[in-house]
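Below is one structure, written out as structure tokens; the observations come after it.
Since this is a predicted model, take the numbers as computed values, not measurements. Naming convention: chains lettered A, B, ... in sequence-line order (proteins, then strands); numbering from 1 in each chain.
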Amino acid sequence: MLDPKLLRTDVQSLAAQLARRNFDLDLELLNSLEEERRQAQLDAQALQTERNSRSKEIGKAKASGQDIAPLLAEVDDLADKHKAAEARLDDVLAKLNALAMEIPNIPQPSVPSGKDEADNQEVSRWGTPPIFDFPVKDHVDIGNGLQQMDFEAAARISRARFVTLTGSLARLQRALIQFMLDVHTLEHDYTETYVPYLVNADALRGTGQLPKFAEDLFAVDDGQLYLIPTAEVPVTNLVRDSIQEATSLPIKFVAHTPCFRSEAGSHGRDVRGLIRQHQFEKVELVQMVPASDSEAAHEALTGHAESILQRLELPYRKMLLCTGDMGFASTKTYDLEVWLPSQNTYREISSCSNFGDFQARRMQARWRNPDTGKPELLHTLNGSGLAVGRTLLAILENFQQADGSVRVPKVLVPYMGGVETLHG
RNA sequence: GGAGGGUUGGCAGAGCGGUUGAAUGCACCGGUCUUGAAAACCGGCAUGGUUUAACGACCAUCCAGGGUUCGAAUCCCUGACCCUCCGCCA
């Protein structure tokens, strides 16, 4: 959520910046609520002051043995008035808060204005899409050929948008997870974490999934808990309600978790294959840094994700998302898109975002600035490093061979017990 | 599932319903002393908000939400979380 001060003072420029991401800030509503809030707060405070001083007088009078009955008569209706004023204030604050929670983050100046993904800017490309001298199969056909990937079996066990992997494909997925965690912990200095896969609503509000995006989540236990849609939620919330020492920054966490998404609203999209599943594995990078470091950290974190693609020899391009395609809580997002031969195009495999202080404000995640001695909000960032299901898919398609077998990327061979090729 | 105990500032830990935003200790910051350090001594040290040009003034916060009261950290109710014992269990 945004700094409430912005909502009070600089609404015009705020509205202009939010208009860039096609968000229509209701200035009229905001201003009238704000005026109402100010008045209600002043009233409530004045009554509070009076009550406090009157009560103190009564206390003193009683202590010195005076008759307090007349004093009590004077304050007879004060409590009722105060309660009414408080109720009015609470009501306005609740409305303002509800409004504030639905306002997205402000895009950084370097983010291009745009409507949807068509307006995203390509920043760079790495690798060359492979050329095949045989008919290219998609990963579903390759998996079927290997007899190690079964969507029908998964649907019988669960429902559509689930998969089962067996044998060397299941192992390849595990190898990818190990490999990614090893690179990020050993070379990029992230701390490995293990976190809950079921989280409460506060945690989801902290990272911005709630209140706006409840329909994308799977709820459990009468809505008391939710399956995580990404490790971002539990990992970022590790610093909730805390004040970090400057010496412990930057905080860099990496976690492998399954992710669960209801995919409400994407019926009919990517129905075939691994691209869009209700359950998938992901290795997630999360950083918490001082405000002054977050832009550099964003570039570095994106580089860490890119490094995985490069080591796996997967061609990709790096996209700077336009204002219209960015997530709710983000100030700036790079998407990494991997080459998929079967679709003859690039598809998202990682999304790396800088959230500024937006999530930290909701979580009350702070650090103590030694220069001022005061707590300041952290900046939070995260990125997939990488989405494992989609990485598996990309390997199958980019490394497929004419006989239906699949070559294992060199860096993964040690993680596959020396196996260099997957056969049926 | 059953029975008990608990939740107070960065930490530990006091707190008869009335000037307690909260004793005390530790930690931390500044100073005195010292060649330097330690010790000792002195002082400072929560967060958020309203208002103000500023100094300041005021308000809120002792797990959360209700209630009683002129007045609640303190009394009552509900909930969350933590701990102990019993039962069950990977």
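In this structure, the salt bridge (charged side-chain N to carboxylate O under 4.0 Å, His left out) partners of A/Lys95, at least two apart in sequence or on a different chain, are A/Asp91. With sequence neighbours excluded, no residue forms a salt bridge (charged side-chain N to carboxylate O under 4.0 Å, His left out) with A/Glu152. Qualifying ring-ring contact (aromatic ring centres under 6.0 Å, His included) partners for A/Tyr226, counting only residues two or more places apart in sequence or in other chains: none. With sequence neighbours left out, the salt bridge (charged side-chain N to carboxylate O under 4.0 Å, His left out) criterion links A/Arg361 to A/Asp357. Annotation: salt bridge (charged side-chain N to carboxylate O under 4.0 Å, His left out) contacts of A/Glu50 (sequence neighbours excluded): A/Arg54. Under the side-chain contact (heavy atoms from CB on, under 4.5 Å) criterion, A/Thr164 pairs with A/Asp150, A/Ala153, A/Ala154, A/Ile157, not counting sequence neighbours.
Aromatic ring pairs are classed by plane angle as parallel below 30°, tilted from 30° to 60° and perpendicular above 60°; the pair A/Tyr334 and A/His298 is parallel. Ring geometry, A/Tyr194 versus A/Tyr197: the interplanar angle exceeds 60°, so the pair is classed perpendicular (tilted spans 30 to 60°). Note on ring orientation: taking the six-membered ring where Trp is involved, the planes of A/His139 and A/Phe151 are perpendicular (angle over 60°, cut-offs 30° and 60°).
Within the structure, no pair that satisfies the salt bridge (Lys or Arg N to Asp or Glu O under 4.0 Å) test touches residues 252-262 of chain A, not counting sequence neighbours. Residue pairs meeting the salt bridge (Lys or Arg N to Asp or Glu O under 4.0 Å) criterion with at least one partner in residues 283-293 of chain A, sequence neighbours excluded, are A/Lys282-A/Glu284.
Across the C1' atoms, B/rC55 and B/rC63 are found 37 Å apart, a figure rounded to whole Å. B/rG9 and B/rC83 are spaced 22 Å apart, taking the C1' atom of each and rounding to whole Å. Across B/rG15 and B/rU32, the matching C1' atoms stand 34 Å from one another, rounded to whole Å. To the nearest whole angstrom, the two C1' atoms, one in B/rG79 and one in B/rC26, are 34 Å apart. The gap from the C1' atom of B/rA73 to that of B/rA22 amounts to 8 Å, rounded to the nearest Å. For the C1' atom pair drawn from B/rA23 and B/rC62, the interatomic distance equals 14 Å after rounding to whole Å. Taking the C1' atom of each, B/rG87 and B/rG2 are spaced 8 Å apart, rounded to whole Å. Look at the C1' atom in both B/rG21 and B/rA46: the space between them is 9 Å, to the nearest Å.
The nearest whole Å value for the distance from the CD atom in A/Glu86 to the P atom in B/rG71 is 12 Å. Between the C1' atom of B/rC81 and the CG atom of A/Leu225 lies a distance of 13 Å, rounded to the nearest Å. What separates NE2 of A/His82 from P of B/rG71 is a distance of 10 Å, to the nearest Å. Spacing between atom CG of A/Leu47 and atom C1' of B/rG71 amounts to 15 Å, rounded to whole angstrom units. Here B/rG79 presents its C1' atom at 14 Å from CG of A/Asn200, a figure rounded to the nearest Å. A straight line from NZ of A/Lys83 to C1' of B/rU69 spans 9 Å, rounded to a whole angstrom. Per the geometry, CD belonging to A/Glu50 stands 21 Å off P belonging to B/rA57, to the nearest Å.
In A/Glu117, the CD atom is not crowded: 12 or fewer heavy atoms of neighbouring residues, nucleotides or ligands sit closer than 6.0 Å.
Two residues are said to be in side-chain contact when any heavy atoms from C-beta on lie closer than 4.5 Å; A/Val199 and A/Leu225 fail this criterion.
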* To do: Determine, stepwise, if the pair A/Phe328 / A/Phe358 fulfils ring-ring contact (aromatic ring centres under 6.0 Å, His included).
  => CA-CA 10 Å; A/Phe328 179 74; A/Phe358 192 88; 5.7 Å; yes
Enumerate the protein-to-nucleotides 60-65 of chain B contacts in which both atoms are nitrogen or oxygen and the separation is below 3.5 Å.
residue : atom : partner : partner atom : Å
B/rA60  : OP1  : A/Gln48 : OE1          : 3.0

Name the pairs: protein N/O against N/O of nucleotides 15-20 of chain B, kept only if under 3.5 Å.
residue : atom : partner : partner atom : Å
B/rG18  : O6   : A/Lys62 : NZ           : 3.2
B/rG18  : N2   : A/Ser55 : O            : 2.8

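Residue A/Lys81 places no side-chain N or O under 4.0 Å from the OP1 or OP2 atom of B/rC70.
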Given Watson-Crick and G-U pairs under 3.5 Å, RNA chain B in dot-bracket ([ ] crossing, | other strand) is ((((((((.[[[..)..(.....]]].(((((.......))))).((((((....)))))).[[[[[..)....]]]]])))))))....
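Between A/Ser53 and A/Gln224, the one whose closest nucleotide on RNA chain B sits nearer the 5' end is A/Ser53.
Contact detail for A/Glu348 and A/Arg390: the closest heavy-atom pair is O-NH1, 2.8 Å.
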Nucleotide by nucleotide, nucleotides 43-50 of chain B touches protein heavy atoms under 4.0 Å in the pattern (B base, S sugar-phosphate only, - none) ----SSBB
